[in-house]
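The structure appears right after this line, and notes come after that.
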Amino acid sequence: MSAAPGDHALAARLADETGRLLLDLLNDPDGPQGWALEMAGDRQAHEFLVGELGRHRPADAVLSEEGRDDRRRLDADRVWILDPLDGSSDFGVSGSWSVHVALCDRGEPAAAAVAVPAWDTTFATDPAPVPTMCRVGRRRVVVARSRGYTDGRRLAERLDAEVVAMGSAGVKAMAVVRGEVDAYVHTGGLYEWDTCAPAGVALAAGLHVSCVDGAPLRFNNARPHTPGLVISRPDFADELLEALSPVSRRPRG
Ligand SMILES: [Mg+2]
């Protein structure tokens, strides 16, 4: 994978500024509330990102959760994959939302950033975050709130691990980077805008990133879908993938 000069910095700036724009919207006493706030956040963040990319990277393709899927991206090497507001149902409710900006080059994340405004932090690929690897004691694994019963129960049965749930794929992935948890597991399908920027940052930080069967993730697919995600401390990945193996391997015979 390769990024052009300035791609890392551009991804970081755009994620950071989008996070600030969203905080301003959230803190506007005359602004929209409830469902209208969520809608406004999605729209304003998308329009800002697409406008900036049109100005600074006019030749690149864009795939955004909030935009029309322009299929010309399938012929492009460089595609920006955006989730302008990940975890939008938590926007205005909790801090579990994030901004995802990733540049994908021929199927792999080349530059990426995830802004988590609740932590006042934007994680990027250069300089990459240095993961906190010093947790001791029982393993902690984060899963989606919607998958607490499936993923959470399976992991608790097969690993000596505490399973916690959080919103936003970006927040969960960056919780691994920060060392709050040892891994993030999602065995169901996700969209590429959920996974590309978190995967790019986690890879740059030296973490294990794969599908549930251990295969590497590929992006800019015709159907922009990721069939499951594991982001883990490298020294925990084998044990975790083994615990997940009945999910990913068909029984023989
Ligand atoms: Mg979104």
Side-chain angles (χ1 to χ4, degrees), residues 11-28 31-54 61-70 73 79-104 109 111-119 121-124 142-147 165-175 177 184 186 188-202 217 219-221 223-229 231:
R13 179 177 71 79
L14 294 185
D16 194 62
E17 290 185 7
T18 306
R20 291 176 200 283
L21 173 158
L22 288 165
L23 280 178
D24 287 346
L25 177 65
L26 202 55
N27 293 328
D28 179 357
Q33 303 292 321
W35 181 72
L37 174 65
E38 193 180 316
M39 297 284 288
D42 281 334
R43 191 186 69 252
Q44 290 183 22
H46 168 78
E47 287 175 358
F48 172 75
L49 287 170
V50 169
E52 288 291 300
L53 288 171
V62 174
L63 171 66
S64 168
E65 180 180 19
E66 302 303 326
R68 183 178 62 87
D69 185 358
D70 182 343
R73 70 178 170 81
V79 182
W80 292 83
I81 299 181
L82 312 173
D83 192 340
L85 171 51
D86 181 60
S88 50
S89 62
D90 274 282
F91 187 57
V93 177
S94 83
S96 290
W97 54 274
S98 57
V99 178
H100 300 180
V101 176
L103 169 66
C104 181
V114 175
V116 184
W119 299 343
T121 305
T122 295
F123 301 85
V142 66
V143 301
R145 285 190 299 238
S146 59
R147 301 194 65 83
M166 287 181 202
S168 169
V171 171
K172 287 191 278 291
M174 296 308 104
V177 170
Y184 164 31
H186 190 109
L190 291 159
Y191 288 102
E192 291 185 6
W193 45 77
D194 297 317
T195 55
C196 192
V201 172
L217 304 182
F219 296 96
N220 197 29
N221 295 294
R223 183 176 173 234
H225 185 253
T226 299
L229 177 65
I231 295 179

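Small disclaimer: the values here were computed from a predicted structure and weren't measured. Whatever order the structure lists them in is the order used to number ligands and atoms, beginning at 1.
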| field | Test log, rule side-chain contact (heavy atoms from CB on, under 4.5 Å), inputs Val114 and Val177 | value | CA-CA 11 Å; Val114 175; Val177 170; over 6 Å; no
| Check: Phe219 and Thr226 side chains under 4.5 Å, non-hydrogen atoms | yes
| said: When you measure from the Mg ion (ligand 1) to the N, O or S atoms of Asp83, does any of those distances fall below 2.8 Å? | reply: yes
| said: Between the Mg ion (ligand 1) and Glu65, which N, O or S atom of the residue is the nearest one? | reply: OE1
| query | Any N/O/S atom of Leu85 sitting less than 2.8 Å from the Mg ion (ligand 1), backbone or side chain? | reply | yes
| N/O/S from Asp86 sitting under 2.8 Å away from the Mg ion (ligand 1) | no
| Parallel, tilted or perpendicular: which fits the ring planes of Trp193 and Tyr191, with parallel below 30° and perpendicular above 60°? | parallel
| Salt bridge between Asp16 and Arg20, side-chain N to carboxylate O under 4.0 Å? | yes
